[in-house]
Amino acid sequence: MLTLHATPWQLVKACHMTHGARLRCFTLKWAANCRGGQRGFLLLWIHIHAKPAGQHCTLRCLLCLLHLLLSRVTNPEPKMNWASFYAVISGVNRHSTGIGRIWLSVLFIFRILVLVVAAESVWGDEKSGFTCNTQQPGCNSVCYDHFFPISHIRLWALQLILVSTPALLVAMHVAHRRHVDKRLYKLSGRANPKDLEQIKTQKMKITGALWWTYVISLLFRIVFEVTFMYMFYMIYPGYKMIRLVKCDSYPCPNTVDCFVSRPTEKTVFTVFMLAVSGVCILLNIAEVVFLVGKACSKHLHNAGDTTMGAWIQQKLCSY
Amino acid sequence: PGCENVCYDQFFPVSHIRLWCLQLVFVSTPTLLVAMYVAYRNHNDKKRLLQGSGKSSFLSNKGQEEELETLKRRRLPIAGALWWTYACSLVFRLLFEGGFMYALYVVYNGFQMPRLVQCDQWPCPNLVDCFISRPTEKTIFTVFMATASSICMVLNMAELVYLVAKAVTR
């Protein structure tokens with residue numbers, strides 16, 4: 001049984017033996033010693049080449065490796081544990097539509113992975129590299145705080161967390177449904193373990209109340225994405241990182257020139273994350289349209305004479 | 001103060017490491033397309049199999065399980081729509097690799113890391129010499145990554161040629 005509290009090597013060995021993923025042993029041994037930017041590349045290689053013997057297998061092995069690599073980080077700052085986050089969110093993968101799975105892949109590969117591997121190192125020296133043309137103590141900190149109320153990295157991390165949270169609603173609903181099904185099975189007497197196992201692993205059809213939960217979660221996702229993009233625009237107008245800021249807050253004497261570190265690189269990454277954000281919004285809108293279209297066509301196909309109220313009643317009550 | 005930041009920004013708009021990271025992310029993505037397509041096909045076949053066995057109930061449970069297992073483990077022949085998906089993914093891989101190598105070449109004027117750059121942006125006074133740390137080591141690694149990238153491109157092209165030739169002979 002894989003848990004996040006096992007040591008990385010236990011996780012990896014368990015992965016390799018029980019699920020039979022085709023992870024190369026020597027690569028894993030190297031992974032235990034690699035650090036810095038290499039870990040991102042290795043992560044991606046393993047993801048691509050792990051044998052897709054089922055989603056569980058690939059996802060669990062990826063989780064192993066994420067845990068292994070993140071636990072080897074020697075950075076003194078506490079880092080966000082994206083591995084456990086990944087584990088929770090990827091559980092929703094089974095019950096999503098096709099577009100939902102594409103969204104999830106885009107989220108993990110183009111946003112979380114790029115954020116962790118590349119963007120965090122670009123913004124790593126933003127405070128230490130922020131130099132002001134003065135010897136006045138305190139002026140540096142005050143100017144930095146005035147122009148960067150919240151760093152891009154933190155905003156993106158918050159955005160990713162909030163945008164992925166509605167998926168948890170869906171996961172909870174599915175778990176609830178499974179629980180109800182299991183109780184019904186037990187009451188009706190068909191309590192052999194094989195049937196109960198089947199309930200755990202079967203894919204839920206997106207109908208009834210689950211449909212509503214799913215659509216509401218999609219709408220929330222869209223709202224969060226757009227809100228964060230707007231917040232970004234308000235705090236950092238134009239999405240471009242300026243090279244030079246002029247600061248005159250106390251205790252800086254008169255007006256002081258302050259220089260930002262790596263402005264071009266930051267602009268590049270800001271634009272990249274913005275583009276991926278836009279793509280995610282489009283995917284979510286497409287998914288909403290697809291679900292609504294499918295439901296409408298099913299309704300038109302099924303019953304010709306049920307009223308709208310009866311249809312809604314049926315949708316809400318069909319568990 | 002500030003001259004260092006400005007000069008660094010002028011000569012290194014995007015760091016090599018970030019470029020390679022983005023290159024790897026983009027180059028590995030088309031493979032996912034193929035994996036997703038294969039998963040989609042397997043899913044359809046499984047649905048068809050289950051529907052088919054539901055209609056004809058004489059198929060035993062064990063036989064059905066065996067069929068499902070073979071469905072999961074079989075290797076799909078690269079023909080039809082899968083061929084097109086695979087070929088498209090190869091073309092995209094080539095485009096991304098080539099694009100990123102070209103971007104690296106254009107941004108850094110070749111694959112060599114200079115030892116000294118001269119900078120005269122404001123607020124630097126007149127002309128200022130800026131020195132880069134470990135230029136030789138960086139040049140070696142840049143050349144290595146460029147070589148690995150070109151080997152990958154050659155392999156992708158060979159694979160594309162092989163696929164096309166196989167399809168044509170068939």
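Every chain is numbered from 1, with letters handed out A, B, ... down the list of sequences. Just so it is clear, the model here is predicted, and its values are computed rather than measured.
Residue contact with chain B, scored on non-hydrogen atoms closer than 4.5 Å, involves the backbone and the side chain of V122(A) alike. For T267(A), no part sits under 4.5 Å from any heavy atom of chain B, backbone or side chain. Using a 4.5 Å cut-off between heavy atoms, Q23(B) does not touch chain A at all. Contact of C258(A) with chain B is not made at all, since no heavy-atom distance falls under 4.5 Å.
For NZ of K46(B), the number of neighbouring non-hydrogen atoms (other residues, nucleotides, ligands) closer than 6.0 Å is 12 at most. Residue Y108(B) qualifies as enclosed at atom OH: its count of foreign heavy atoms under 6.0 Å is above 12. For OH of Y162(B), the number of neighbouring non-hydrogen atoms (other residues, nucleotides, ligands) closer than 6.0 Å is 12 at most. More than 12 heavy-atom neighbours from other residues, nucleotides or ligands sit within 6.0 angstrom of CZ on F11(B).
From E4(B), atom CD reaches atom OG1 of T131(A) across 7.5 Å, with rounding to the nearest 0.5 Å. Note: L32(B) CG to S105(A) OG = 6.0 Å, rounded to the nearest 0.5 Å.
A heavy-atom distance below 4.5 Å is found between the side chains of T29(B) and F110(A). Taking the side chain as every heavy atom from C-beta outward, V25(B) and L113(A) approach each other to under 4.5 Å. In this structure, the side chains of E265(A) and S15(B) come closer than 4.5 Å at one or more pairs of heavy atoms. Within the 4.5 Å cutoff, side-chain heavy atoms of W122(B) are placed close to those of D257(A). Using a 4.5 Å heavy-atom cutoff, the side chains of Y8(B) and S261(A) are not in contact.
A donor and an acceptor atom, one from each side chain of R243(A) and Q10(B), are nowhere located under 3.5 Å apart.
By the disulfide bond (SG atoms under 2.5 Å apart) test, C130(B) is found to be paired with no residue, residues two or more places apart in sequence or in another chain being considered.
Between F272(A) and L22(B), the shortest heavy-atom distance links the atoms CZ-CD2, 4.0 Å. G2(B) approaches F259(A) most closely through the heavy-atom pair CA-CD1, 3.1 Å.
The contact list for residues 136-145 of chain A toward chain B, using heavy atoms and a distance under 4.5 Å, is empty.
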(message) Quick one, T264(A) with V14(B), criterion side-chain contact (heavy atoms from CB on, under 4.5 Å). Give me CA distance, side-chain angles, the key distance, then yes/no.
(response) CA-CA 7 Å; T264(A) 318; V14(B) 186; 5.7 Å; no
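The pair D9(B)-R262(A) fails the salt-bridge criterion, with no side-chain N (NZ, NE, NH1 or NH2) lying under 4.0 Å from an Asp/Glu carboxylate O.
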